[in-house]
Structures are given as C-alpha cells and as structure tokens.
Amino acid sequence: MRRRESFVELDARERARAVLDEGSFRELLGPFDRMESPHLETQGIVPQSDDGVVVARGKIAGQPAVVISIEGKFQGGGIGEVAGAKIAGALELAQKDNENGVSTRPVLLFDTGGVRLQEANYGLLSIAEIQAAIVALRRHVPVVGVIPGKIGSFGGMSITAGLLSALIMTREGRLGLNGPEVIEQEAGIEEFDSADRQLIWNTIGGAQRVTTGFADELAADDVTAIAEAIQAVFAKGVRETPRSSQVGLYRSLLQAVDPAQPLHPERFREIWQERQDAGEKTSRKAAERDYGNKPPSRGRTWFHMLTGGCEPIGGDVPSVLCADGSLGGERVRYIAVVPDPDSRFPRARQGEVGLEEGWAIAEYIRQAIEADRAGERRAIVAIVDVPSQAYGYREELLGIHLSCAAAVDAYATARELGHPVITLIVGHAISGAFLSHGMQANRILALDDERVNVHVMSKQSAARITRRSVAELEEATKKVPAMAYDIRSFATLGALDELISGVNADTPGDEDFALVRDKIAGAVDSARHAPRDLLVRLSSEAALQGGRTASIQVRRMLAEQWR
C-alpha cells in the first residue's frame with residue numbers, strides 16, 4: 001500500500017518537482033543566477049536569491065510543461081518586481097510556445113498573500129501582467145492552479161486564481177481577496193473575527209470553495225493525488241467558458257442573496273445549488289437612477305463631463321455608470337464606479353469595487369464585445385476613482401475575488417479583440433479595485449493632481465501589516481518610489497502613458513474637458529496602431545531608464561534559458 005506524502009508540507013521547489021514527470025525537472029532563473037529583488041536591502045530586508053518564486057520546465061504526462069511555484073516562507077509569498085516578472089515572463093513564453101504549435105502546459109502553485117507591500121506598485125503592475133498573460137494563454141491550453149495550504153491565495157493573486165481554467169484546492173487551502181486579519185483591521189471584529197478559525201475555513205476554505213463553485217476539485221493533501229488531478233485537467237482540454245466569464249450565472253447568484261438577512265456558509269451552499277439548477281437565466285429590473293441625489297465624486301464628475309448628454313445605459317447596479325458616446329468620430333463606451341449610499345451591500349457604499357460592481361463592469365464590457373463582433377471595435381474608457389475593494393464577510397463568502405476577476409477578464413478580452421481600452425485616473429486607484437477597473441488598459445492616463453494616487457493598500461493598513469509607523473512607511477518611499485502613493489512616483493515606473501497637467505480635477509471647465517478629451521482621443525488612436533498586449537509598458541522611456549529594469553532583465557534571462 002502506497003504511503004501518502006503531504007504536498008502542503010513541501011517547499012516551493014519540491015512542489016514543482018512533485019507535479020512534473022519524474023526526472024524532467026529543470027529550473028529556470030534559479031538561485032545560482034542571483035536574480036534578487038533590488039528593492040529590499042535598502043529597507044533592511046534580506047533578499048532571497050530566487051525571490052520566492054520557482055520556475056521549472058519539464059513534462060506533465062509526457063507533454064512539455066512549465067510549473068510556477070510560489071514560496072510562502074519568503075515574505076509571505078508576496079509578489080514583488082522580480083517574483084512577478086518571473087511568473088508573467090514564464091506565462092508569456094508558454095503563450096509563444098502554444099502560438100507556435102508547441103503545446104506547453106502551464107501550472108501555478110499558489111502560496112501567497114498577494115502584493116509584497118515593501119514593493120507595492122511593482123507588485124500591482126506585475127500581477128496585472130500575470131493576469132493579462134493568463135487570459136491570453138488559456139485560449140490555447142488550460143491554465144491550471146493549485147492552492148494546497150499553508151498561506152493560500154489572497155490579494156491580487158486571488159483575482160489571478162479566479163481567471164484560471166481550473167483550480168484545485170485541498171481542505172487546507174484558503175482563497176479570498178482580503179485576509180481575515182485585514183478585514184478585521186479595516187471593518188472591525190464584528191464584521192470578521194480573525195481568531196475564529198472555524199469561521200475562516202467555512203468561509204474561504206477549500207471545501208467551501210469547491211462546494212460553492214469557486215474552485216473545481218477538492219484534492220487530498222497528497223503528492224500523487226495533486227499530480228493526478230493536474231493531469232486530469234489537461235486531459236479534458238480547453239475550457240470554453242472560464243469561471244470568470246460566466247457573468248449571468250454569478251450575477252443571478254447575487255440577486256438570490258438578501259444582504260439584509262444573516263448569511264451562513266450552509267445557506268450559501270443551498271443558494272449556489274439552486275442557481276446551478278436554474279441555469280444562468282435571470283430577470284433583473286433596472287434600478288431607477290437619481291443622479292441628482294447621489295454623493296459627488298471625481299469619478300461621477302468626469303463621467304458626466306466626458307459623456308455629455310449621452311443617455312446612460314440602464315442597469316441594476318447604480319454604483320457602476322455606463323454610457324456610449326463619440327470621440328473623434330468613433331464610438332466610445334465610458335465606465336465609472338461611483339459611491340452609492342443605498343448599495344445593497346453596505347461594505348461597498350463609498351465607491352469601492354464590491355461584489356456587484358465587478359460583475360456589472362464585466363457585463364457592460366461583454367455587451368460591447370458582442371455588439372461589435374462583426375464591426376469596428378469601439379474604444380472602452382475606464383474612469384478611475386476607486387478607494388479600494390470592499391472589505392467584508394459577505395464579500396469573501398460570495399466570492400469578491402471572482403467578481404474582480406470577471407472585470408479583469410472582460411477588460412483583457414476586449415483589449416485582445418481590438419477594443420482600445422483606455423484608463424483615465426482622476427482620483428484614487430487603489431489595490432484590487434484598480435486591478436479590476438483600470439490596470440488592463442492599453443494606455444493609462446492620469447490627472448497631475450495631489451489627490452490622484454496609486455497603491456495597494458491604505459497607509460494605515462500597510463503600516464500595520466509591515467509593522468511600521470506611517471512615518472517609517474513614508475520614509476521608505478524615498479528609497480523605493482513604487483511604495484509611494486503620489487501619481488508622479490507611479491509615473492516613474494513606466495506604465496503611465498501621460499500625466500495631464502493644468503487640469504482642475506474637481507470642477508473641470510470647458511478647457512479642461514477639451515484637453516482631457518483630446519488626450520483620450522490620442523490614446524485611442526495610439527492603441528489602435530500598436531500591439532495589444534501589456535508589454536508596451538516595459539518599452540516606455542521611464543521603464544527603460546530604470547523604472548522596470550529588473551522586470552526587463554528577468555524576461556530576457558528567462559527567454560535565454562527557456563529551451
């Protein structure tokens with residue numbers, strides 16, 4: 001009788017070796033290449049020679065494969081510039097293989113808390129590039145993920161997990177956008193008691209996630225069982241409708257939930273089964289939109305300014321505004337997320353991207369994709385003023401990570417199909433909200449204003465989690481611009497296409513409108529005549545002059561070692 005060998009207890013390198021065919025493991029950009037993060041030592045943190053990510057080539061069931069394994073023991077599996085570039089670069093190379101007729105099987109082994117806060121916006125950029133690569137790659141071959149245990153998959157990497165063709169979890173695995181401790185910090189112990197271990201497992205644990213449709217298979221904590229589960233996914237072939245594109249099903253699921261009533265994990269399992277039995281069809285009554293009585297926000301101001309007298313597209317989520325207008329003689333769809341004090345879900349009333357917002361964004365984009373399938377693809381403009389994703393118990397139980405993944409999926413799909421996707425940052429662009437609404441754009445524009453900022457978390461929360469004072473955190477930003485919140489520091493990283501100066505961000509006049517409109521029109525034209533992937537961000541002047549040096553070098557070295 002075979003003795004069970006724990007997969008959870010293995011380190012990242014051992015896990016990668018375990019899922020590849022025996023004797024086929026070959027590591028790329030390993031410890032002896034000394035490709036360490038250049039951003040940690042200046043903060044008094046000892047770097048690791050593989051930056052906590054193992055990339056291995058080999059075979060799975062005799063077929064070429066690449067396995068990417070995250071080491072949770074280093075910085076909590078956090079994604080910084082080098083770690084993120086290793087993951088994104090490996091997926092990009094696998095995509096090239098598949099496009100060239102070499103079927104290369106990609107597997108991601110998760111053990112991560114999300115963005116590495118000590119590298120902040122480097123991690124945010126890297127995760128967006130990882131997500132773009134997954135959406136592009138999964139058309140050719142299933143992209144398989146495993147969440148075995150220890151840490152699990154949180155933050156932006158939970159959104160990444162939501163994009164996968166198939167997701168395997170053990171009972172020890174956890175999957176959620178916001179960790180229990182973060183929710184408790186942001187929303188209070190009444191919202192989520194991080195010391196209640198049973199509550200955590202019943203909300204975001206492997207068994208609950210598989211039973212309620214957020215993961216595909218619950219596997220035993222056993223090396224052979226995990227390897228066989230991965231092989232079974234590849235044997236089935238490409239999944240035609242990834243979970244993150246099933247907008248109708250999951251929107252109907254949310255409609256079946258009454259947020260005013262207590263919601264227990266067992267009841268949610270029943271609702272999920274009812275929705276599956278009923279299928280994706282659901283009737284949704286459009287909400288009455290009373291713009292005059294809604295709280296002001298920059299997102300709302302600029303949405304109305306740019307759409308002019310265009311009739312808003314009706315929907316049942318008043319916090320997501322959508323309208324079609326024209327720009328330079330062509331059609332444009334504008335989308336903004338704004339505060340709604342009457343939101344069904346109380347944790348998403350201040351302009352956060354919550355459960356309903358992510359799915360509504362996805363629906364508006366996919367409507368445009370479908371309508372334009374036989375003609376010219378209209379541009380899509382994301383107007384961004386989002387303070388964060390929503391923090392809450394219901395949000396995690398009902399899969400806010402997948403709601404965000406649906407928006408990412410829709411934006412990335414539109415971009416790949418030839419819709420110019422333009423982001424205009426007019427206020428806050430924070431964390432999973434920005435990943436969902438803005439980071440998948442061909443071009444990113446921003447107003448040059450002190451209240452325009454980009455980051456992965458509020459200063460207070462980032463200070464608590466990194467065990468620093470806010471003053472110490474601000475001091476660190478002088479050494480690592482990616483940790484800063486201001487838009488000018490973000491511009492040095494190379495992803496911002498233009499910083500628009502001389503604009504009144506709060507009360508724009510006709511000249512402000514004309515300037516921003518012309519900048520958007522120029523970005524649309526530029527996007528129509530350029531490659532559709534996100535690699536353009538690595539070829540900008542700021543990126544080449546030092547903003548993304550490590551990201552560029554990692555990809556070059558991976559390509560050299562790929563064969």
Side-chain angles (χ1 to χ4, degrees), residues 7-8 10-20 25 27-29 50-58 60 64-72 77-79 83-95 97-98 104-115 123 126-138 140-170 173-175 206 209 214-217 219 226-227 229-234 238-239 242-244 401-402 405 408-409 558:
F7 191 82
V8 173
L10 301 179
D11 64 24
R13 191 163 285 102
E14 292 167 337
R15 288 178 179 178
R17 191 184 299 274
V19 302
L20 288 166
F25 174 95
E27 187 168 356
L28 311 184
L29 209 57
D50 59 12
D51 205 42
V53 169
V54 174
V55 178
R57 293 299 312 273
I60 291 177
V66 59
V67 177
I68 302 161
S69 185
I70 302 171
E71 179 54 74
I79 306 301
K86 289 175 76 170
I87 299 170
L91 293 169
E92 291 157 6
L93 289 166
Q95 180 187 347
D97 270 3
N98 282 278
T104 300
R105 298 176 162 184
V107 177
L108 283 81
L109 307 178
F110 292 86
D111 207 9
T112 171
V115 170
S126 294
I127 289 176
E129 290 155 11
I130 293 166
Q131 292 168 347
I134 289 171
V135 173
L137 177 56
R138 71 182 186 199
H140 306 282
V141 65
V143 184
V144 182
V146 180
I147 304 178
K150 295 289 188 179
I151 294 173
S153 186
F154 290 95
M157 290 304 283
S158 74
I159 301 175
T160 301
L163 294 167
L164 298 176
S165 308
L167 188 59
I168 300 161
M169 296 183 70
T170 67
R174 298 182 299 167
L175 172 62
R209 289 312 199 192
F214 295 116
D216 298 279
E217 182 170 345
I226 296 290
I230 293 170
Q231 291 175 21
V233 173
F234 288 118
V238 174
R239 182 175 187 168
R243 186 178 290 106
S244 54
H401 72 283
L402 187 59
V408 170
D409 193 337
L558 276 176

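Please read all numbers here as calculations on a predicted model, not as lab measurements.
- Under the side chain to side chain donor-acceptor pair (under 3.5 Å) criterion, Asp216 pairs with Arg239, Arg243, not counting sequence neighbours.
- Scanning for salt bridge (charged side-chain N to carboxylate O under 4.0 Å, His left out) contacts around Glu27 gives Arg13, with sequence neighbours left out.
- Contact record, Glu71 with Asp11: OE1-CB, 3.3 Å, taken as the closest heavy-atom pair.
- With rounding to the nearest 0.5 Å, the separation of CD1 in Ile87 from CD1 in Ile79 is 4.0 Å.
- Checked against side chain to side chain contact (heavy atoms under 4.5 Å, CB included), Ala405 has the following partners two or more places apart in sequence or in another chain: Ile159, Leu163, Ser244, Leu402.
- Going from atom CD1 of Ile130 over to atom CD1 of Ile68 covers 8.0 Å, rounded to the nearest 0.5 Å.
- Residues Leu29 and Val55 form no side-chain contact, since every pair of their non-hydrogen atoms from C-beta on lies 4.5 Å or further apart.
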> When you look at Phe234 and Val141, which way does the side chain to side chain contact (heavy atoms under 4.5 Å, CB included) test go after all the steps?
Replying inline: CA-CA 8 Å; Phe234 288 118; Val141 65; 4.2 Å; yes
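- In this structure, the side chains of Val233 and Ser165 stay at 4.5 Å or more apart for every pair of heavy atoms.
- Among residue pairs with one or both ends in residues 147-164, those qualifying as side chain to side chain donor-acceptor pair (under 3.5 Å) are Glu9-Lys150, Gln131-Thr160; sequence neighbours excluded.
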>> Test side chain to side chain contact (heavy atoms under 4.5 Å, CB included) on Phe154 and Arg174; report intermediate values, then the result.
In response: CA-CA 8 Å; Phe154 290 95; Arg174 298 182 299 167; 3.8 Å; yes
> Does the pair Ile60 and Leu20 meet the rule for a side chain to side chain contact (heavy atoms under 4.5 Å, CB included), with working shown?
Replying inline: CA-CA 5 Å; Ile60 291 177; Leu20 288 166; 4.0 Å; yes
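- In this view, Ala16 and Phe25, Val54, Ala56, Val67, Ser69 satisfy the side chain to side chain contact (heavy atoms under 4.5 Å, CB included) rule, not counting sequence neighbours.
- Leu167 is listed as a side-chain neighbour of Leu175, based on a closest heavy-atom distance under 4.5 Å.
- Closest approach of Asn98 to Ala94, counting heavy atoms only: ND2-O, 2.8 Å.
- For the pair Arg209 (side chain) and Phe214 (backbone), a donor-acceptor distance under 3.5 Å is absent.
- Among residues two or more places apart in sequence or in another chain, the side chain to side chain donor-acceptor pair (under 3.5 Å) test is passed with Thr104 by Asp97.
- By the side chain to side chain donor-acceptor pair (under 3.5 Å) test, Arg105 pairs with no residue at all, sequence neighbours left out.
- Asp51 and Ala83 make their closest contact through OD2-N, 2.8 Å (heavy atoms, listed as atom of the first residue, atom of the second, distance).
- Between Leu108 and Leu91 the shortest heavy-atom distance is CD1-CD2, 4.0 Å.
- With sequence neighbours left out, Arg17 forms a salt bridge (charged side-chain N to carboxylate O under 4.0 Å, His left out) with no residue at all.
- Listed for the Arg57 side chain is a donor-acceptor partner under 3.5 Å among the backbone atoms of Ala65.
- To the nearest 0.5 Å, the span separating CD1 on Ile168 from CG on Leu109 amounts to 9.5 Å.
- Scanning both residues, Pro106 and Leu137, for their nearest heavy atoms gives CG-CD2, 3.5 Å.
- In terms of heavy-atom proximity, Ile151 sits nearest to Gly72 at CD1-O, 3.3 Å.
- Qualifying side chain to side chain contact (heavy atoms under 4.5 Å, CB included) partners for Ala132, counting only residues two or more places apart in sequence or in other chains: Arg415, Gln440, Leu534.
- For Glu92, the salt bridge (charged side-chain N to carboxylate O under 4.0 Å, His left out) partners at least two apart in sequence or on another chain are Arg555.
- In this structure, the salt bridge (charged side-chain N to carboxylate O under 4.0 Å, His left out) partners of Arg138, at least two apart in sequence or on a different chain, are Asp409.
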>> Pair Ile226, Arg15 - check side chain to side chain contact (heavy atoms under 4.5 Å, CB included), show working.
In response: CA-CA 10 Å; Ile226 296 290; Arg15 288 178 179 178; over 6 Å; no
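- Ser126 meets the side chain to side chain donor-acceptor pair (under 3.5 Å) test with no other residue; sequence neighbours excluded.
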